[in-house]
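In what follows, a single structure is set out as structure tokens and then discussed.
Just so we're clear, the structure is a prediction, and the values are computed from it rather than from any experiment.
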Amino acid sequence: MKKLFLFTMIFGVLFTSCQNEKNNAYAGFEKTESGLYYKFHNQNVGDTPELMELIDLQIACFINDSSVIIPNNRMIMQMIEPLFAGDIYDGIKMMSVGDSASFIVRTDSTFMTLFQLPTLPTEFSKTDVMRFDIKLNDFYPESEFANKQMEYMKKTYKNETENAENELNKYLKENKLNPIRTESGLYYLQTKSGNGENPQVGTQVKVHYTGKLLDGTVFDSSISRNEPIQFDLGVGQVIPGWDEGIRLMSKGEKGILFIPYYLGYGDRGAGAIPPFATLIFDVELVDF
């Protein structure tokens with residue numbers, strides 16, 4: 001259930017010939033005191049990310065221009081202190097919204113810190129040129145993540161959003177369910193009342209749950225483990241649909257959350273959860 005925003009990434013190394021000449025790799029780059037090489041392609045005047053804020057990036061990474069480490073992709077991460085002198089976070093903290101730049105970093109240190117590998121892959125050497133191409137789309141506090149994700153998904157995937165809403169409405173009608181709908185698009189159906197006391201943002205809650213897809217496939221359950229999940233409510237430790245839905249409940253209450261993909265795992269899915277999946281959670285707010 002947890003969302004991780006630190007630089008923990010699934011990346012594929014596409015090994016190709018690395019015979020490119022390296023002599024001109026640093027042409028046009030400047031160097032910071034920490035040892036980071038940088039070159040801005042577009043630079044604006046404005047605020048830069050603060051520690052712990054979420055950073056929305058378009059990012060790609062290459063070695064010697066020929067080996068693709070990270071294909072051009074959108075990522076949302078958390079701004080943290082540099083993990084070594086001259087790492088990529090040293091570059092990102094120089095950027096304002098709309099900026100695009102290239103950064104050359106130490107290959108061995110990047111693999112062993114940012115990518116969390118025990119050693120540098122044998123296909124590469126520490127003298128190889130590792131370059132990140134980055135555009136900073138936006139940055140904002142973690143508390144704004146849910147709204148930002150929802151806005152992005154709905155704008156980017158209009159057809160998928162319409163299809164998901166139609167499928168959910170069909171499911172509710174066929175099963176004669178009449179849940180409440182919130183402004184965000186979350187649906188909630190109470191099945192057992194609680195004591196009337198609702199948790200506040202930042203409160204640690206304990207929740208039992210069973211997660212299913214619309215076709216009834218169970219993908220996870222705390223019941224089978226006999227251990228409720230614990231998390232701090234409303235601060236982005238779980239998917240947005242949970243942060244919103246559990247706040248609607250009181251201690252001891254049971255209910256069903258119907259979570260559209262843009263309040264769940266979005267366009268990528270997670271594990272057994274496919275992309276654009278509407279999720280159904282039977283939940284119980286055990287304690288807080």
Side-chain angles (χ1 to χ4, degrees), residues 1-4 145-154 156-194 198-199 201 205-288:
M1 292 301 303
K2 296 290 182 73
K3 301 194 309 297
L4 302 180
F145 175 76
N147 287 335
K148 292 285 186 179
Q149 174 176 284
M150 183 174 63
E151 291 170 6
Y152 171 80
M153 292 291 176
K154 285 186 172 181
T156 307
Y157 304 109
K158 293 181 180 179
N159 290 337
E160 287 81 358
T161 300
E162 183 178 353
N163 291 338
E165 291 175 349
N166 290 338
E167 288 178 359
L168 179 54
N169 287 331
K170 179 182 178 182
Y171 176 91
L172 295 174
K173 184 176 180 180
E174 289 178 348
N175 289 275
K176 299 180 180 179
L177 300 174
N178 189 31
I180 62 170
R181 185 185 188 279
T182 70
E183 185 177 350
S184 70
L186 174 74
Y187 287 82
Y188 176 63
L189 178 66
Q190 184 189 80
T191 57
K192 178 188 174 182
S193 61
N198 301 99
V201 171
V205 296
K206 292 183 179 181
V207 179
H208 261 312
Y209 69 92
T210 297
K212 300 177 288 186
L213 303 178
L214 281 179
D215 64 5
T217 301
V218 175
F219 56 80
D220 193 16
S221 176
S222 66
I223 305 297
S224 62
R225 296 188 295 272
N226 196 30
E227 184 178 357
I229 186 175
Q230 298 185 51
F231 62 94
D232 295 334
L233 185 63
V235 296
Q237 293 183 354
V238 292
I239 58 176
W242 266 56
D243 266 340
E244 181 182 0
I246 301 303
R247 289 205 304 270
L248 301 174
M249 305 177 69
S250 61
K251 184 176 178 179
E253 184 171 335
K254 293 184 179 181
I256 307 173
L257 296 172
F258 301 91
I259 301 177
Y261 79 92
Y262 51 81
L263 295 176
Y265 292 95
D267 59 326
R268 296 190 179 187
I273 301 172
F276 304 109
T278 298
L279 309 176
I280 302 174
F281 284 96
D282 295 313
V283 290
E284 176 187 1
L285 181 52
V286 178
D287 200 2
F288 63 86

* Does the side chain of Val218 reach to within under 4.5 Å of the side chain of Ser224, using non-hydrogen atoms? -> no

* To do: Could I get the full list of side chain to side chain donor-acceptor pair (under 3.5 Å) partners for Lys206, not counting sequence neighbours?
  => none

* With a 4.5 Å heavy-atom cut-off, do Thr161 and Tyr261 have their side chains touching? -> yes

* **Salt-bridge contact Arg225-Asp220 (side-chain N to carboxylate O under 4.0 Å)** => yes

* Passes side chain to side chain contact (heavy atoms under 4.5 Å, CB included), Leu189 versus Ile180? Steps please. -> CA-CA 6 Å; Leu189 178 66; Ile180 62 170; over 6 Å; no

* Contact check, side chains of Phe288 and Val207, non-hydrogen atoms, under 4.5 Å -> no

* To do: To the nearest 0.5 angstrom, please state how far the CG atom of Leu168 sits from the OG1 atom of Thr278.
  => 5.5 Å

* To do: Could you name each residue pair satisfying side chain to side chain donor-acceptor pair (under 3.5 Å) that touches residues 170-181, not counting sequence neighbours?
  => Arg181-Tyr187

* Straight-line distance of Leu177 CG to Asn169 CG, nearest 0.5 Å -> 11.5 Å

* Before giving the answer on side-chain hydrogen bond (donor to acceptor under 3.5 Å, both in side chains), spell out for Asp267 and Tyr262 the whole-Å C-alpha distance, their side-chain angles and the decisive distance to 0.1 Å. => CA-CA 8 Å; Asp267 59 326; Tyr262 51 81; over 6 Å; no

* What heavy-atom pair brings Leu279 and Gly264 nearest, and what distance separates the two atoms? -> CD1-CA, 4.5 Å

Output side-chain donor-acceptor pairs under 3.5 Å for residues 245-260, partner residues at least two apart or in another chain, one line each.
from	atom 1	to	atom 2	distance (Å)
Arg247	NH1	Asp243	O	3.1
Ser250	OG	Gly196	N	3.2
Ser250	OG	Glu253	OE1	3.1
Lys251	NZ	Asp287	OD1	3.1
Glu253	OE1	Ser250	N	2.9
Glu253	OE2	Tyr188	OH	2.6
Glu253	OE2	Gln190	NE2	3.0

* **Working for ring-ring contact (aromatic ring centres under 6.0 Å, His included), residues Phe219 and Tyr265** => CA-CA 13 Å; Phe219 56 80; Tyr265 292 95; 7.5 Å; no

* To do: Give the C-alpha distance, both sets of side-chain angles, the deciding distance and a yes or no for side chain to side chain contact (heavy atoms under 4.5 Å, CB included) between Val201 and Leu233.
  => CA-CA 5 Å; Val201 171; Leu233 185 63; 5.8 Å; no

* Closest approach of Pro228 and Val286, non-hydrogen atoms and distance? -> CB-CG2, 4.4 Å

* Structure fact -> Between the OG1 atom in Thr191 and the CG atom in Asp282, the distance rounded to the nearest 0.5 Å is 7.5 Å

* Asked: Hey, what's the ring geometry for Trp242 with Phe231, parallel, tilted or perpendicular (30° and 60° as the breaks)?
  -> tilted

* Asked: Out of curiosity, Thr156 OG1 to Glu151 CD, how far, rounded to the nearest 0.5 Å?
  -> 11.0 Å

* **Within-4.5 Å side-chain heavy-atom neighbours: Ile229 and Ser222** => no

* To do: Calculate, to the nearest 0.5 Å, the distance between atoms CG and CD belonging to Asp215 and Glu167 respectively.
  => 10.5 Å

* Run the side-chain hydrogen bond (donor to acceptor under 3.5 Å, both in side chains) check on Ser184 and Glu244 step by step: do they pass? -> CA-CA 9 Å; Ser184 70; Glu244 181 182 0; 2.6 Å; yes

* Flag the pair Met150 / Leu263 as yes when at least one side-chain heavy-atom distance between them is below 4.5 Å, and no otherwise. => yes

* **Rounded distance [0.5 Å steps], CZ in Phe276 versus CZ in Arg268** => 11.0 Å

